[in-house]
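Structure, as structure tokens:
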Amino acid sequence: MSFLKSFPPPGSAEGLRQQQPDTEAVLNGKGLGTGTLYIAESRLSWLDGSGLGFSLEYPTISLHAVSRDLNAYPREHLYVMVNAKFGEESKESVADEEEEDSDDDDDEPIAEFRFVPSDKSALEALFTAMCECQALHPDPEDEDSDDYDGEEYDVEAHEQGQGDIPTFYTYEEGLSHLTAEGQATLERLEGMLSQSVSSQYNMAGVRTEDSLRDFE
């Protein structure tokens, strides 16, 4: 197919995690031949014996899984769904693409790859390697957008017109903001508090008849 290109296989510099020879590649039900599947941190690649192949970028891969359903496909394989066009579909003219876009604006391109190794026992290792590599390329749309570092405030109070963020002072600063009436109130409260503390002090310890009479 026209989208197959010649390029060097990924190596250790690209974080090669898994290499599986004698693996058949199938695109949308059409066989591409048998070659080597390379799972690297940078991309997923497949190359046939002549050096022709393709690469898939992890952000375009929407799903990958080990398929063991022989009713869906006669051999166990690594299934990969990609949000992109490949093969003959990618050769459409610009005019045809514009016509399709006007008819199906909401349709997203999807391609289904099946990688069928001759040794099916390698499927679990291939799947694990893909999981690890894809985790290195998170989808920006899936990142948490609630990372707000500002101070929290009462939303309900804000909606009721009481949304001014209160100002907090130290003890000394707070006293300096009191009015004359507030100062008098504070002194009266301090006097009541000191009497209360004195009463509690007299009552502390073992209660005796003398201490009760002194308290009265």
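- Put simply, the side chain of Leu32 reaches to within 4.5 Å of the side chain of Phe54, judged on heavy atoms.
- Residues Tyr73 and Tyr79 do not share a hydrophobic cluster, clusters being chains of Ile/Leu/Val/Met/Phe/Trp/Tyr side chains in contact below 4.5 Å.
- From Ile110, atom CD1 reaches atom OG of Ser62 across 6.5 Å, with rounding to the nearest 0.5 Å.
- Inter-residue side-chain proximity for Leu52 and Lys5 is flagged as unmet; no heavy-atom pair is nearer than 4.5 Å.
- Taking the charged nitrogens against the carboxylate oxygens, Lys120 and Glu24 have no contact shorter than 4.0 Å, which rules out a salt bridge.
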Item to check | Check against side-chain contact (heavy atoms from CB on, under 4.5 Å), Thr36 and Thr23 | outcome: CA-CA 6 Å; Thr36 301; Thr23 299; over 6 Å; no

Checklist entry - Do Ser67 and Asp69 pass the side-chain hydrogen bond (donor to acceptor under 3.5 Å, both in side chains) test, and can you show the C-alpha distance, the side-chain angles, and the key distance before you say yes or no? => result CA-CA 6 Å; Ser67 176; Asp69 185 0; over 6 Å; no

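- Taking the six-membered ring for Trp and the full ring otherwise, Phe127 and His64 have centroids separated by under 6.0 Å.
- Closest approach of Leu136 to Glu132, counting heavy atoms only: CG-O, 3.5 Å.
- Here the two rings, on Tyr38 and Trp46, have centers that are 6.0 Å apart or farther.
- If you take CG on Leu63 and CG on Asn83, they are separated by 10.0 Å, rounding to the nearest 0.5 Å.
- The main-chain N or O of Met130 is never found under 3.5 Å from a side-chain atom of Gln18 such that the two would form a donor-acceptor pair.
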Checklist entry - After noting the C-alpha distance and the side-chain angles of Val66 and Glu76, does the key distance pass the side-chain contact (heavy atoms from CB on, under 4.5 Å) rule? => result CA-CA 7 Å; Val66 173; Glu76 298 179 13; 5.8 Å; no

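- One finds no salt bridge joining Glu57 and Arg43 here, because no Lys/Arg side-chain nitrogen approaches an Asp/Glu carboxylate oxygen to under 4.0 Å.
- Using a 4.5 Å cut-off between side-chain heavy atoms of Ile, Leu, Val, Met, Phe, Trp and Tyr, with links allowed through other members, Val116 and Leu37 fall into different hydrophobic clusters.
- A distance of 4.5 Å separates CD1 in Ile39 from CG in Leu126, rounded to the nearest 0.5 Å.
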Next on the checklist: If you apply the rule side-chain contact (heavy atoms from CB on, under 4.5 Å), what do you find for Leu123 with Arg68, and how did you get there?
Outcome noted: CA-CA 10 Å; Leu123 285 172; Arg68 303 187 188 277; 4.2 Å; yes

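- For the atom pair Glu41 CD and Arg17 CZ, the distance stands at 4.0 Å (nearest 0.5 Å).
- In this structure, the side chains of Phe7 and Leu47 come closer than 4.5 Å at one or more pairs of heavy atoms.
- Residues Leu27 and Phe3 form a side-chain contact, since some pair of their non-hydrogen atoms from C-beta on lies under 4.5 Å apart.
- Under the 30°/60° scheme for interplanar angles, the aromatic rings of Phe113 and Phe86 are found to stand perpendicular.
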Item to check | Check against salt bridge (Lys or Arg N to Asp or Glu O under 4.0 Å), Lys85 and Glu112 | outcome: CA-CA 10 Å; Lys85 287 184 178 181; Glu112 293 180 318; over 6 Å; no

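- The CD atom of Gln20 lies 6.5 Å from the OG atom of Ser118; values are rounded to the nearest 0.5 Å.
- We find the CZ-NE2 distance between Arg114 and His77 to be 4.0 Å, quoted to the nearest 0.5 Å.
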